[in-house]
Each structure stands twice: as C-alpha cells, then as structure tokens.
Amino acid sequence: YMGSSGKYLGEALPQLVSLETLILTGNNLRAEGCKYVSAGIGTLISLINLNISTNDIAPTGAAFLNDAIKNLTCLETFDIRGNSLLAEGCKYLGNIRNLTFLTSLNIGANSIQADGGKYLSDSIREL
C-alpha cells in the first residue's frame with residue numbers, strides 16, 4: 001500500500017503549477033497516503049480533472065481530500081469512486097459546493113446509502 005510513500009508525491013505536486021489532470025487510480029493510498037497527497041493537491045489551482053478512485057481512502061481520507069478541494073475552483077471532473085467512503089465520508093465532502101465548474105462527479109461504489117446521499121445533496125444545494 002502506498003501510505004506514507006504518498007508523502008513524496010504530496011511534496012512534489014506543488015511544483016506542477018500548471019497541472020490540469022491528475023489520475024491516481026488504484027494506488028492503494030488509504031487514509032494515510034491521502035493525507036499527504038491531499039496537501040499537494042490543494043496547491044494545484046489549475047487542476048481540471050482529479051481521479052483518485054479505488055484508493056480505499058475511507059471517511060478519514062475524505063476529510064483530507066475535502067480540505068484539498070476547497071481551492072480547486074477550476075475543477076470540472078472529480079472521480080472518487082470505490083474508496084469506501086460510506087455515509088460518514090460524505091459528511092466530509094462539503095467543499096464540493098465550492099466547485100462551481102464541476103460537470104462530472106463520480107462517487108460510485110462507496111456504499112454511501114441514503115444518509116450519504118443526503119449529506120452530498122445538502123452540500124450541493126448550497127451552490
């Protein structure tokens with residue numbers, strides 16, 4: 001699992017100031033790796049496409065990711081499918097409401113159930 005190795009990537013990402021697409025699919029980041037990578041993602045203000053699917057970030061990772069996306073005002077595509085978010089993780093994605101250019105959001109295969117759907121719906125309604 002990538003875990004603390006995500007620290008190296010997280011430290012390198014701020015150097016990619018013009019990066020528009022970041023695909024981290026299936027790297028087994030988990031919450032620990034997501035913590036480091038999210039710190040770097042938060043600096044990528046030109047990011048248009050973010051795919052962090054199938055990394056098992058769980059609710060804790062969603063909280064780290066939420067902090068990262070608050071400044072990504074250009075983000076159009078956000079793929080977080082297959083991360084074991086559950087309903088609890090959806091509570092931590094309130095900054096989706098700041099993504100005013102978002103045209104595609106994939107949260108499939110996260111077992112969010114009705115409560116998770118309500119948390120996300122409430123965030124989106126605040127747009």
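What you see is a predicted model; the values in this text were computed from it and never measured.
- Residue pairs satisfying the salt bridge (charged side-chain N to carboxylate O under 4.0 Å, His left out) criterion with at least one member in residues 56-73, sequence neighbours excluded, are absent.
- Scanning both residues, Val37 and Gly6, for their nearest heavy atoms gives CG2-O, 3.7 Å.
- When all heavy atoms of Ala62 and Gly89 are compared, the pair lying nearest together is CB-O, 3.6 Å.
- When the side chains of ILVMFWY residues are joined at heavy-atom separations under 4.5 Å, either directly or via intervening members, Leu9 and Leu19 end up in a single hydrophobic cluster.
- The shortest non-hydrogen separation linking Asp79 to Asn51 is OD2-ND2, 3.5 Å.
- Under a cut-off of 6.0 angstrom, the local environment of CG in Leu16 is crowded, with over 12 non-hydrogen atoms contributed by other residues, nucleotides or ligands.
- We find the CD-CG distance between Glu88 and Asp115 to be 11.5 Å, quoted to the nearest 0.5 Å.
- Looking only at distances, no side-chain donor or acceptor of Ser53 sits under 3.5 Å from a matching main-chain atom of Arg81.
- Residues Tyr119 and Leu102 fall into different hydrophobic clusters, defined by Ile, Leu, Val, Met, Phe, Trp and Tyr side chains chained together at heavy-atom separations under 4.5 Å.
- Under the 4.5 Å side-chain heavy-atom criterion for grouping Ile, Leu, Val, Met, Phe, Trp and Tyr, Phe64 is not connected to Leu93 through any hydrophobic cluster.
- Separating the SG atom in Cys90 from the CD1 atom in Ile107 is a distance of 5.5 Å, to the nearest 0.5 Å.
- The backbone N or O of Ile112 lies less than 3.5 Å from no partner atom in the side chain of Asn110, so there is not a single donor-acceptor pair.
- Between Thr43 and Asn71 the shortest side-chain heavy-atom distance does not fall below 4.5 Å.
- Hydrophobic cluster membership differs between Ile124 and Tyr92, with clusters built from Ile, Leu, Val, Met, Phe, Trp and Tyr side chains linked at under 4.5 angstrom.
- Looking only at side-chain heavy atoms (C-beta outward), Ile48 and Leu75 stay at 4.5 Å or farther from each other.
- The nearest pair of heavy atoms linking Ala68 to Ser38 is CB-O, 3.2 Å.
- In this structure, the side chains of Ile96 and Leu120 come closer than 4.5 Å at one or more pairs of heavy atoms.
- Side-chain contact between Leu13 and Leu44: present, with at least one pair of heavy atoms (C-beta onward) separated by less than 4.5 Å.
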Next on the checklist: Determine whether Ile69 and Phe78 satisfy the following criterion, side-chain contact (heavy atoms from CB on, under 4.5 Å), listing intermediate values before the conclusion.
Outcome noted: CA-CA 10 Å; Ile69 65 172; Phe78 187 27; 4.1 Å; yes
Checklist entry - So Thr73 and Asn98, side-chain contact (heavy atoms from CB on, under 4.5 Å) or not? Walk me through it. => result CA-CA 7 Å; Thr73 56; Asn98 297 332; 5.8 Å; no
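- Side-chain contact between Leu47 and Leu22: present, with at least one pair of heavy atoms (C-beta onward) separated by less than 4.5 Å.
- Electrostatic pairing of Arg125 and Asp122 counts as a salt bridge here, judged by a charged N lying under 4.0 Å from a carboxylate O.
- A distance-only check finds a donor-acceptor pair linking the side chain of Thr103 to the backbone of Glu76 [under 3.5 Å].
- For the pair Ala87 and Gly116, the tightest heavy-atom approach, listed with the atom from each and the gap, is CB-N, 3.5 Å.
- Listed for the Asn28 side chain is no donor-acceptor partner under 3.5 Å among the backbone atoms of Arg30.
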Checklist entry - Given Leu50 and Thr77, is the side-chain contact (heavy atoms from CB on, under 4.5 Å) satisfied, shown in steps? => result CA-CA 6 Å; Leu50 176 59; Thr77 303; over 6 Å; no
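- Remark: side-chain polar atoms of Ser121 are not paired, donor with acceptor, to backbone N or O of Gly117 under 3.5 angstrom.
- The CG atom of Leu85 sits 5.5 Å away from atom CD1 of Ile57, with the distance rounded to the nearest 0.5 Å.
- Here the side chains of Cys74 and Phe101 are not in contact, with every heavy-atom distance at 4.5 Å or above.
- Among all heavy-atom pairs drawn from Leu24 and Asn55, the shortest one is O-ND2, 2.8 Å.
- Between the side chain of Asn83 and the backbone N or O of Ile52, at least one donor-acceptor pair lies under 3.5 Å.
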